[in-house]
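Note that the structure is predicted; figures quoted are calculated from it, not measured.
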Amino acid sequence: GNSATSGGGVRNVYGTATLTNCTVSGNSATYGGGVNNYGGTATLTNCTVSGNSALDGGGVWSVYGTSALTNCTVSGNSANSGGGVDNASGYYGNTGTATLTNCTVSGNSADDGGGISNQGTLIVTSSNITKNQAMAEGGGISTTSGSVTITDSVIKKNQVSSSGTALGGGIFGENSLLSLTNCTVNANQASGATALGGGIYALDSTVDVQNCTVSGNQANGTVLGEGGGIYSDGGVLTLAASTVKGNKATTSGDDVFVHS
């Protein structure tokens, strides 16, 4: 494994980086333990990004540019933000786009965004976001002031575990646009003194859930636990042709809790 300030394994600055049938493993950095994409175009196909660590973006860190992962596995990476992938915000709020297609993001860990942290535009298609862990928010995915579109994907068995406040076992969204279509959000957990949104937590966000199943999620709060399936505070929540059932919350709102 290699170590660096930016991009322990690979660094791309305003250029074009193409990785095919590659393994990026065991590297460390401050930004992008495995891959660092700064303002460029990074394309990863049939790659494994595993066992890397960083302050931000344990596996992949991207800002300003475009990062596209297809048929990739991002696993066992760790960071403070974005254990697997961090699609970050740069100076003056400039952001980039990250797309994951037919990918598996599993077993990553972070304070926020165990699997993926997003502050730009994130598009996830036909992918599995599973068994990731966070200590504060977004076990699977965390998005703040960003846009997330998830289609034909599974968000499963992700967890936020905290001695204080745990938000969004599967997905955490704040001041964001979140769209899920043909997705399964299952068996995610938020566990802490205060636990909100076992499956999905949304604050001041627009959330659109179409033809999805949200089930078996838990908000386990020793003091307060609300919204086992979905917790919404402010913003707009739309559920269409979806099933939200079999979720549990220790205080109230087993399936859906809307704060007013």
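Annotation: side chain of L122 is in contact with side chain of L100 (closest heavy-atom distance under 4.5 Å). In this structure, the side chains of N220 and Q189 come closer than 4.5 Å at one or more pairs of heavy atoms. Within the 4.5 Å cutoff, the side chain of L180 has no heavy atoms near those of the V214 side chain. Side-chain contact between M135 and S162: absent, with no pair of heavy atoms (C-beta onward) separated by less than 4.5 Å. The shortest distance between side-chain heavy atoms of I200 and L178 falls below 4.5 Å. Residues F172 and T144 meet the side-chain proximity criterion, which asks for heavy atoms closer than 4.5 Å. Two residues are said to be in side-chain contact when any heavy atoms from C-beta on lie closer than 4.5 Å; S191 and Q159 meet this criterion.
Although no hydrogens or angles enter the test, the distance criterion places a donor-acceptor pair under 3.5 Å between the side chain of S242 and the main chain of N211. No donor-acceptor pair closer than 3.5 Å links the side chain of N27 to the backbone N or O of N52. Proximity of a side-chain donor or acceptor of S205 to a complementary backbone N or O of N175 within less than 3.5 Å is detected. A donor-acceptor contact shorter than 3.5 Å is absent between the side chain of N108 and the backbone of N132. Judged by distance alone, with hydrogens and angles left aside, the side-chain atoms of T238 form no donor-acceptor pair with the main-chain N or O of D208 at under 3.5 Å. Within the 3.5 Å criterion, the main-chain N or O of N158 finds a donor-acceptor partner in the side chain of N188. Side chain of N36 to backbone of S6: no donor-acceptor contact under 3.5 angstrom is found. At distances below 3.5 Å, at least one donor-acceptor pair connects side-chain atoms of S25 with backbone N or O atoms of S50.
A parallel orientation is assigned to the rings of Y201 and Y231, their planes being inclined by less than 30° (bins at 30° and 60°).
V207 and L167 are not part of a single hydrophobic cluster, where members link through side-chain heavy atoms under 4.5 Å apart.
Annotation: the span from N118 atom CG to I123 atom CD1 amounts to 10.0 Å, rounded to 0.5 Å.
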Please report the C-alpha distance between N186 and S215 in whole Å, then the side-chain angles of each, then the deciding distance to 0.1 Å, and finally whether the side chain to side chain donor-acceptor pair (under 3.5 Å) criterion is met. CA-CA 5 Å; N186 172 252; S215 65; 3.2 Å; yes
Can I150 and I141 be said to form a side chain to side chain contact (heavy atoms under 4.5 Å, CB included), step by step? CA-CA 11 Å; I150 308 172; I141 298 173; 3.8 Å; yes
D112 and S117: CA distance, side-chain angles, deciding distance, side chain to side chain contact (heavy atoms under 4.5 Å, CB included) verdict: CA-CA 7 Å; D112 66 271; S117 177; 3.6 Å; yes
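Just one residue in the list N12, T99, T43, N37 forms a side chain to side chain donor-acceptor pair (under 3.5 Å) with S67, and that residue is N37.
For residues 119-131, the set of pairs meeting the side chain to side chain donor-acceptor pair (under 3.5 Å) definition, not counting sequence neighbours, is empty.
Residues D254 and N247 have side chains that never bring a donor and an acceptor to within less than 3.5 angstrom of each other.
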